[in-house]
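Just so it is clear, the values below take in all heavy atoms, side chains as well, and ignore hydrogens, waters and symmetry mates. So that the names make sense, note that chain A is the first sequence line, chain B the second, and so on, each numbered from 1. The shown structure was predicted, so the numbers you read here are calculated from the model rather than taken from an experiment.
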Amino acid sequence: MIFSGKVEKPTVSNFIRNIIDTDLAQNKNQGRVATRFPPEPNGYLHIGHAKSICLNFGIAKDYQGTCNLRFDDTNPERESMEYVQSIKDDIAWLGYQWNALHFASDYFAQLYDYAIELIKQGKAYVDSLSGDEIRAYRGTLTKPGKESPYRDRPVEENLKLFEAMRAGEFEDAQHVLRAKIDMSSPNINMRDPILYRIRHVSHYRTGDQWCIYPMYDYTHCISDAIEDITHSLCTLEFEDNRALYDWVLDQLDVPGHPQQIEFARLNLEHTVMSKRILNRLVDEGHVSGWDDPRLPTISGLRRRGYTPESIRDFCERIGVTKKQGTIAMSVLENSIREDLDQRAPRRMAVLDPLRVVIENYPEAQTEMVTASNHPKNPQMGQRPLTFSGVIYIERSDFMETPAKKFFRLAPGREVRLRYAYYITCTDVIRDNEGEVIEIRCTYDPATKGGSSADGRKVKGTIHWVSADHSANAEIRLYDRLFLVSNPAAKADFLEHLNPQSRIVLTNCKVEQGLVDMEPEARFQFERQGYFCTDRQDHSRSHPVFNRTVTLRDTWAKIEKTSGS
RNA sequence: UGGGGUGUAGCCAAGUGGUAAGGCACCGGAUUUUGAUUCCGGCAUACGCAGGUUCGAAUCCUGCCACCCCAGCCA
């Protein structure tokens, strides 16, 4: 299938899809596939969540199934509607539509009823040990725990106590509801896990309706079952929780029993995904906010210029396994370059301008040259550019004493100005400090458009803008946030922040037409990289562009290896 | 001296007893009015290690090693 010039790639198999294929072959769940994405609304989504989103929504789509969005909002402490909204926005931006929208908090009443049922069955009890005591009684990794003295309270007493807990008759932490399983289980999750805790905190959705809140292990499985989820996908750290997930559902008469399958979460080199660290970076002002273009948050990537397509492509490429790995940033960069190469119109922008006066160009004359918007896609059209006798070129495109293999402008050398003329450098002008502030050139009038009838070749083609026909712009260059590949592993991760992760250039010269672009417009600035107008700060009077990613740069490699 | 997982190239990853896909990265070369793109070629006698079963093992068996997760009234 042809799709915007791109052949859609077949989805690669992974172990979860293999499980589903097997289930389907056996007509498990009557051939139905239902997944869900269950974030807690206590933070912003990042690229790691995107992996889970693409997995869950992608499976639903490919198997004609459904994927719900469910907010796992069982801990009122740090959840809010603001997070709910940002999560919904990010998922929609990524290009996914949820089948149904649910909140675990909508199940509070049902969850409470199921807890009563558990108590009646003698499988849950109210424990009145303190937090410290509960921890001590739990035992350790290698030593079994011991049973609470309250473990054998009669059902009636448990019922009365639990109702009193719900009625607000106790202080926080005075009692908890626990499952009665096995205090000597080698799986610590099964040592009478806490099901409910008392928390006199108002919830962003249920207000003060409840003062007891159900725990994750108890809530998640029942929520999945209520929604008739077939495959409950989560990350590896929940592997040990699966026994409890199954235990709870086995005790109760719930609509279904979803299968929990765990996969490895995403790790990316040179950045961090942990909520704790992300929070510090934002709170302490090391970045400008949750949508700082250096952050791996969805809103940060969006502001940086990443497309939803590129993020989906990335998630496709990295695969889904149970092996904990770390993906190189180059994989993400490759995904966005590949996408933008095809769809981003080309423009010329000079980031570090060097003034060039063309001495034999008739003074005050201007003329139009034609530039194509994409070298391979004529349908993207062309645009006229004004050429004149005073232009700006990139300072790095000129070397007074050229290094070996440098084939751009240098005294006595000829280069092509893209789409315009061949020019030859004749002189160098310096200021009092000896810094080159201008160069003088001559142009060959017979090379208009950038080619010569005599077949003479020039090795270099450089970009330019006309001094009087360009606009000033601010351009923000972004690079990896951290210098080390795994900053989260460093106790002093702040010491490893890349001081060059954001460089703001305020004296850039761009094609005039660029200032009128709407926010989030994406371009390739030829020979530089892909850029987008900043979502927040760009305006016609103050144009601001963010560098999404550089172009591949063979010259930089040559420079590096030749050590100059 | 507990339990649960995972080991295929620098980084990901297919592979499910028949002789190691693919991507990223890297290295060559061709084309090129972007040192971009594109294209061609190279890149694991080898699948954590050691044994065993088999005509045949990355795939099965045994033992060992390494790494990750679990002792919140977080999710």
Checklist entry - Can a side chain N or O of A:R197 be found less than 4.0 Å away from OP1 or OP2 on B:A75? => result yes
Next on the checklist: Base of B:G4, side chain of A:N187 - is there a donor-acceptor contact under 3.5 Å?
Outcome noted: no
Next on the checklist: Is the phosphate of B:A75 approached by A:T74 (side-chain N or O, under 4.0 Å from OP1 or OP2)?
Outcome noted: yes
Checklist entry - Just checking, is any N or O donor in the side chain of A:R36 or A:H220 under 3.5 Å from an acceptor N or O on the other one? => result yes
Item to check | Distance test, side-chain N/O of A:S485 to OP1/OP2 of B:C11, below 4.0 Å | outcome: no
Checklist entry - Starting at the 5' end of RNA chain B, which residue's closest nucleotide do you reach first, A:D172 or A:N189? => result A:N189
Item to check | Atom pair distance, as rounded to whole Å: CG in A:N486 and P in B:C11 | outcome: 14 Å
Next on the checklist: For the aromatic rings, using the six-membered ring if either is Trp, is the centroid distance between A:Y196 and A:Y218 under 6.0 Å?
Outcome noted: yes
Next on the checklist: So, OP1 or OP2 of B:U8: does either fall under 4.0 Å of a side-chain N or O from A:K323?
Outcome noted: yes
Item to check | Integer angstrom distance from the C1' of B:C43 to that of B:G56 | outcome: 28 Å
Item to check | Under 4.0 Å protein heavy-atom contacts per nucleotide of nucleotides 35-41 of chain B, with B for base, S for backbone only and - for none | outcome: BSBS---
Checklist outcome for this item: Ordered by number, residues from residues 260-273 of chain A within less than 4.0 Å of RNA chain B (heavy atoms) are none
Next on the checklist: Ignoring hydrogens, what is the shortest heavy-atom contact between A:H374 and A:Q342? Give both atom names and the distance.
Outcome noted: CE1-O, 3.4 Å
Checklist entry - Between B:C11 and A:T326, is there an OP1 or OP2 to side-chain N/O distance shorter than 4.0 Å? => result no
